[in-house]
Amino acid sequence: MRLATWNVNSIRARVDRVADWLERADVDVLAMQETKCSDEQFPTMPFLAAGYDVVHCGFNQWNGVAIASRVGIDDVQVGFDGQPTWSDKPEVEAAAEARALGATCNGVRLWSLYVPNGRFVGSPHYVYKLEWLAALRNTAQQWLLDDPAAQIAMVGDWNIAPTDEDVWSVEAYAGSTHVTEPERAAFDAILDAHFSDVVRPFTPGPAVYTYWDYTQLRFPKNRGMRIDFILGSPALAQRVTHAEIVREERKGKSPSDHAPVMVDLI
DNA sequence: ATGACTGGTTGCACCAGA
């Protein structure tokens, strides 16, 4: 089974490209992030036409996560248990954002995750990001306590570069989000809960990235960050036979600023 | 070529992204 994750940066702007890649790359299950639309606006037809069922969680133009599968989608859950809430405005009550969608596809419990950006260090959004990651870790830990043999894949845009090797320039990101010690500790806590990065062993750094800013020729110069990850439970990690970051999909006409990341499971 | 941001909207200016 071939499993992939891709921050698509607006599914309405990218759906033809995404559906085309699914077929070309022979992907069975794709988790998407940053669909940037409501459920009503989500373009379902191109996925159905390509032979995929699709589930989506989007409330407005922000965030949005989805899962497309041609091997079934069962037990769909919008948001994870204990997912923190957020509000940008004091007059608007805080609510869970469209950042987590779970479903079981051919025996794999898949979570499509779009971790909050953090905006700037010390901001309320940064605090929210750390709380979000801590809550996710606690819930994920419980999944494995309930069933140590569970095949779980937590995939998506983690908005953290876990090591200095995961950014093109340590200096360029000094003082920014994504590289701070608390964010890295929050990511490491997920690893400590027995989830492992199943892609890195097949795509060792340095200078291996999944995201390149649209500005300043960052992609041609390979000035990127590795922030998109597939984290597997022990039973899932055991099945991985191959993994890759598909840089080709960052090229061409109107690409996302992220590349797809995929794994093959035996 | 992989080429000097992009997508969205409470829209023609600004916000979020990272």
Side-chain angles (χ1 to χ4, degrees), chain A residues 5-18 21 32-43 56-66 86-92 97-99 113-130 132-133 156-184 186-187 207-229 244-261:
Chain A
T5 184
W6 196 359
N7 177 320
V8 295
N9 187 17
S10 172
I11 192 59
R12 288 178 289 173
R14 215 85 59 208
V15 65
D16 291 340
R17 213 184 145 124
V18 171
W21 179 72
M32 289 165 270
Q33 300 84 37
E34 269 211 279
T35 57
K36 288 186 169 176
C37 66
S38 65
D39 290 345
E40 294 71 28
Q41 295 171 314
F42 188 90
H56 177 250
C57 167
F59 305 131
N60 49 43
Q61 72 270 41
W62 305 120
N63 316 306
V65 282
W86 171 258
S87 174
D88 260 311
K89 300 168 187 160
E91 67 271 22
V92 177
E97 295 186 301
R99 292 182 179 276
L113 303 169
Y114 180 44
V115 174
N117 169 288
R119 296 184 186 167
F120 58 92
V121 178
S123 69
H125 206 257
Y126 178 81
V127 174
Y128 167 57
K129 178 180 191 175
L130 295 176
W132 204 94
L133 287 160
D157 178 356
W158 292 78
N159 271 322
I160 297 170
T163 76
D164 284 351
E165 207 173 70
D166 299 324
V167 294
W168 67 273
S169 162
V170 171
E171 294 72 29
Y173 290 101
S176 303
T177 59
H178 296 61
V179 299
T180 66
E181 190 280 326
E183 290 166 280
R184 287 178 170 175
F187 186 85
V208 172
Y209 310 121
T210 65
Y211 160 87
W212 300 261
D213 197 290
Y214 285 123
T215 66
Q216 298 174 266
L217 292 171
R218 285 297 213 306
F219 184 63
K221 293 178 175 175
N222 194 31
R223 295 180 169 179
M225 308 176 88
R226 190 201 288 251
I227 57 175
D228 300 270
F229 299 99
E244 60 184 279
I245 298 162
V246 189
R247 285 184 91 258
E248 283 297 311
E249 289 307 311
R250 180 64 177 76
K251 303 178 183 178
K253 189 175 183 290
S254 145
S256 168
D257 41 5
H258 295 249
V261 179

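Note that the structure is predicted; figures quoted are calculated from it, not measured. All chains are named by letter (A, B, ...) in the order of the sequence lines, taking the proteins before the strands, and each is independently numbered beginning at 1.
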Participant: Go through the structure and list residues passing side-chain contact (heavy atoms from CB on, under 4.5 Å) with Lys89(A), not counting sequence neighbours.
Facilitator: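 With neighbours one apart ignored, the set is Glu91(A), Val92(A).
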Participant: My understanding is that only residues two or more places apart in sequence, or in another chain, count here; which of them pass side chain to side chain donor-acceptor pair (under 3.5 Å) with Lys221(A)?
Facilitator: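 Not a single residue meets the side chain to side chain donor-acceptor pair (under 3.5 Å) criterion with Lys221(A).
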Participant: Is it the case that the base of dT10(B) and the side chain of Lys89(A) share a donor-acceptor contact (distance under 3.5 Å, atom types as modelled)?
Facilitator: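 It does, because a donor-acceptor pair links the side chain of Lys89(A) to the base of dT10(B) below 3.5 Å.
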Participant: Output the single nucleotide from dT2(B), dG7(B), dT9(B) whose closest atom is nearest the side chain of Gln41(A).
Facilitator: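 Closest of the options to the side chain of Gln41(A): dT9(B).
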Participant: Residues in side chain to side chain donor-acceptor pair (under 3.5 Å) with Ser123(A), at least two apart?
Facilitator: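 Side chain to side chain donor-acceptor pair (under 3.5 Å) list for Ser123(A), sorted by chain: empty.
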Participant: Find the distance Gln33(A):CD to dG7(B):P and express it as a whole number of Å.
Facilitator: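 Distance check: Gln33(A) CD to dG7(B) P gives 18 Å.
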Participant: For dA18(B) versus dG8(B), give the span between their P atoms, rounded off to a whole number of Å.
Facilitator: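 Per the computed distance, 14 Å lies between those P atoms.
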Participant: For Lys221(A) and Gln216(A), find the nucleotide of DNA chain B closest to each by heavy atoms; which residue's nucleotide sits nearer the 5' end?
Facilitator: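 Nearest-nucleotide comparison on DNA chain B picks Lys221(A).
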Participant: Between Glu40(A) (CD) and dG8(B) (P), how many Å, whole number?
Facilitator: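 Whole-Å distance recorded here is 16 Å.
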Participant: Taking the P atom of each, how far is dT6(B) from dG11(B), in whole Å?
Facilitator: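 Rounded to whole Å, the distance is 23 Å.
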Participant: Side chains of His125(A) and Trp86(A): does their closest heavy-atom pair fall under 4.5 Å?
Facilitator: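 They are in side-chain contact.
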Participant: So what does Arg250(A) touch, heavy atoms closer than 4.0 Å: a base, only the sugar-phosphate, or nothing?
Facilitator: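 If one applies the 4.0 Å heavy-atom cut-off, Arg250(A) turns out to touch nothing in the nucleic acid.
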Participant: Is any side-chain N or O of Arg14(A) closer than 4.0 Å to OP1 or OP2 of dG7(B)?
Facilitator: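 Yes, such a contact exists.
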Participant: Take atom OH of Tyr209(A) and atom C1' of dT2(B), then tell me their distance rounded to the nearest Å.
Facilitator: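 Going from Tyr209(A) (OH) to dT2(B) (C1'), I get 16 Å.
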Participant: For atom C1', what is the distance between dC12(B) and dG7(B), given to the nearest Å?
Facilitator: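 Looking at atom C1' only, dC12(B) and dG7(B) are 15 Å apart.
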Participant: Test of understanding: with salt bridge (Lys or Arg N to Asp or Glu O under 4.0 Å), list the residues that count as partners of Glu34(A), not counting sequence neighbours.
Facilitator: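 Listed in chain order: nothing, the list is empty.
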Participant: I'd like to check the side chain to side chain donor-acceptor pair (under 3.5 Å) partners of Asn9(A); sequence neighbours left out, ordered by chain and number.
Facilitator: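 Checked Asn9(A) against side chain to side chain donor-acceptor pair (under 3.5 Å); matches are Lys36(A), Tyr214(A).
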Participant: Please report the distance separating the C1' of dT10(B) from the corresponding atom of dC15(B), rounded so that it comes out in whole Å.
Facilitator: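 Result for the C1' pair: 11 Å, nearest Å.
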Participant: Once each nucleotide of nucleotides 13-18 of chain B is scored for protein heavy atoms under 4.0 Å, what B/S/- sequence comes out, 5' to 3'?
Facilitator: ---SBB
Participant: Write down the distance separating the P atoms in dG3(B) and dC14(B), rounded off to the nearest Å.
Facilitator: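 The answer is 29 Å between these two P atoms.
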Participant: Once you round it to whole Å, what is the distance between C1' of dT2(B) and CZ of Arg223(A)?
Facilitator: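 To the nearest whole Å, that distance equals 15 Å.
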Participant: Expressed as a whole number of angstroms, how long is the span from Trp212(A):CH2 to dG3(B):P?
Facilitator: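 Nearest whole value for this atom pair: 13 Å.
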Participant: Angle class for the Tyr211(A)/His258(A) ring planes (parallel below 30°, perpendicular above 60°, tilted otherwise)?
Facilitator: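 Taking His258(A) first and then Tyr211(A), their aromatic rings sit tilted (interplane angle of 30° to 60°).
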